[in-house]
Peer 1: 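Sharing a structure, written as C-alpha cells. Questions coming.
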Amino acid sequence: MTTLDGKTALVTGSATGIGYAVASRFAAEGARVIIADRDADAARAAATAIGADRARAEMMDISDEASVAAAFASAETDGWTPDVVVANAGVQLFGQDAKAADLDLDVWRRTVDINLTGTFLTVKHAVRSMVPRGGGSIILTGSPTGLNGEGADFTAYSATKAGIHGLARTVAAAYAKDNVRVNTVVPAYTETSLVTTITTDPEARAAIIGRIPLGRAGSPRDVEGIMVFLASDDGAFATGSLFAVDGGMTTI
Ligand SMILES: NC(=O)c1ccc[n+]([C@@H]2O[C@H](COP(=O)([O-])OP(=O)(O)OC[C@H]3O[C@@H](n4cnc5c(N)ncnc54)[C@H](O)[C@@H]3O)[C@@H](O)[C@H]2O)c1
C-alpha cells in the first residue's frame, strides 16, 4: 500500500513546474492523476511522461467556467472523478504587474481573472463534485506575497494570492460538515518557468535568496511531501490551514 492508493487527483497547471512535480509524485504514491492545463499539447506530453495507466490530460482554462465544468464532466464520464483537487495554476505578469499607482487596470484584471477567479471556479466545481460523494481534499497554491510585503512591486499577483488564502478558509468553513477539506500550501521562490525573469538576473536572484533563511531557492520537489500529506487520509483532520514550505521566508 502506498499513501494515495485508490485516489484520483486533478491538478491544475500541471503541464509543467510545481503542478507537474506534484502530479508525478501523486502518481508515484499510487494515485491516478488528471493533468488539467490550458496548454493542451503540454498537458498530453506530461500525461504521457507519467504513464497512460496513471495519468490523463484535460484541456482546462481555469478562467473560463465552461472549460472548468467540461473538464470535470469529462473526467467523471470516464470514471476519473477526483477525490483530490489541487488548484495550482497561476500567472505572474512580470514587466506589467507593478506598484499600485503604476498598475494598469487591464493587468490587474488579467491577473485576477486567472489567479483568483480561476481558483474560485476550480474550487466551485471541485466542491460540487465532492459533496455528493462524501467529501474530498482541495489544496490551493498560495504565496509569501499574499502574507507580507514580499511582493511589494507586484500588486495584482500579491493581492490574488492573499485572496486565495482567504478563499481557502471560507470554503473550508462552509463545507467542513460535508467532509470537504480545503488547505493552502505556500511555496517560496521556486525556480520554474514562472520566475525566469528573476532566475536569469543574478542580482535579483541573489536578493530573493537572501530573504530565504535556509539560504537557497525552492525546487518544485520541496512542496510534494506536504501536498501528499494533505491529499492523503493522514491529513484527515487538517482543514482551513495554511502550510508554508518556504525555507523560513514567512515564518522566521
Ligand atoms: N515559482 C514560484 O516561485 C512560486 C512561488 C509561490 C507560489 N507559486 C505558485 O505556484 C503555482 C504554480 O507555479 P509554477 O511556478 O509551477 O508556474 P509555471 O509557470 O511553471 O506553471 C504554471 C502552469 O499553469 C498553467 N496555466 C496558466 N494559466 C492557466 C489557466 N488559465 N488555466 C489552466 N492552466 C493555466 C500553465 O500552462 C503552466 O503549465 C502558481 O499558482 C504560482 O503562483 C509559485
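Atoms within each ligand, like the ligands themselves, are counted from 1 in listed order.
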Peer 1: Any nitrogen or oxygen of Gly19, main chain or side chain, under 3.5 Å from a nitrogen or oxygen of ligand 1?
Peer 2: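 For ligand 1, there is no N or O atom that lies under 3.5 Å from one belonging to Gly19.
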
Peer 1: Is the closest heavy atom of Pro187 to ligand 1 under 4.0 Å?
Peer 2: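 Pro187: in contact with ligand 1 (<4.0 Å).
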
Peer 1: Record the part of Ile114 in heavy-atom contact with ligand 1 below 4.0 Å; permitted values are side chain, backbone, both and neither.
Peer 2: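 For Ile114, only side-chain atoms sit under 4.0 Å from ligand 1.
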
Peer 1: Name the option, out of Gly90, Gly17, Ser193, that contains the heavy atom nearest to atom 22 (C) of ligand 1.
Peer 2: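 The residue whose heavy atom sits nearest atom 22 (C) of ligand 1 is Gly90.
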
Peer 1: Heavy atoms only, cut-off 4.0 Å: how does Ile62 contact ligand 1, side chain, backbone, both, or neither?
Peer 2: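 Answer for Ile62: both.
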
Peer 1: Short N/O distance, under 3.5 Å, between Tyr189 and ligand 1?
Peer 2: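 For ligand 1, there is no N or O atom that lies under 3.5 Å from one belonging to Tyr189.
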
Peer 1: Under 4.0 Å from a heavy atom of Ile18: give me the atoms of ligand 1 that qualify, with their elements.
Peer 2: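 In order of number, 10 (O), 16 (O), 44 (C).
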
Peer 1: Checking contacts here: is it the side chain or the backbone of Ala36 that comes within 4.0 Å of ligand 1, counting heavy atoms only? Could be both or neither.
Peer 2: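 Ala36 to ligand 1: no contact under 4.0 Å from either part.
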
Peer 1: Would you mind running through ligand 1 and noting each atom that sits below 4.0 Å from a heavy atom of Asp61?
Peer 2: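 The atoms of ligand 1 under 4.0 Å from a heavy atom of Asp61 are 30 (C), 31 (N), 32 (N).
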
Peer 1: Not counting sequence neighbours, which residues clear side-chain contact (heavy atoms from CB on, under 4.5 Å) with Ser74? List them please.
Peer 2: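 In terms of side-chain contact (heavy atoms from CB on, under 4.5 Å), with neighbours along the sequence ignored, Ser74 is linked to Arg56, Glu58.
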
Peer 1: Would Ser14 count as a polar contact of ligand 1, with the cut-off being nitrogen or oxygen pairs under 3.5 Å?
Peer 2: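 By distance alone, the answer is no.
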
Peer 1: As an exercise, identify every atom of ligand 1 less than 4.0 angstrom from a heavy atom of Gly142.
Peer 2: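 Reading through ligand 1 atom by atom, the close ones are 6 (C), 7 (C).
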
Peer 1: For ligand 1, which atoms, with element, lie under 4.0 Å from some heavy atom of Met60?
Peer 2: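 So the answer, numbered in order with elements, is 32 (N), 33 (C).
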
Peer 1: Under 4.0 Å, heavy atoms only, figure out whether ligand 1 is touched by the backbone of Lys161, its side chain, both or neither.
Peer 2: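 Answer for Lys161: side chain.
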
Peer 1: Considering only heavy atoms, does Tyr157 approach ligand 1 within less than 4.0 Å through its side chain, its backbone, both, or neither?
Peer 2: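 The answer is the side chain.
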
Peer 1: What pairs with Phe243 under ring-ring contact (aromatic ring centres under 6.0 Å, His included), at least two apart in sequence or on another chain?
Peer 2: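 In terms of ring-ring contact (aromatic ring centres under 6.0 Å, His included), with neighbours along the sequence ignored, Phe243 is linked to no residue.
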
Peer 1: Report, in ascending order of atom number, the atoms of ligand 1 lying under 4.0 Å from any heavy atom of Thr192.
Peer 2: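 The atoms of ligand 1 under 4.0 Å from a heavy atom of Thr192 are 1 (N), 14 (P), 15 (O), 16 (O), 17 (O), 20 (O).
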
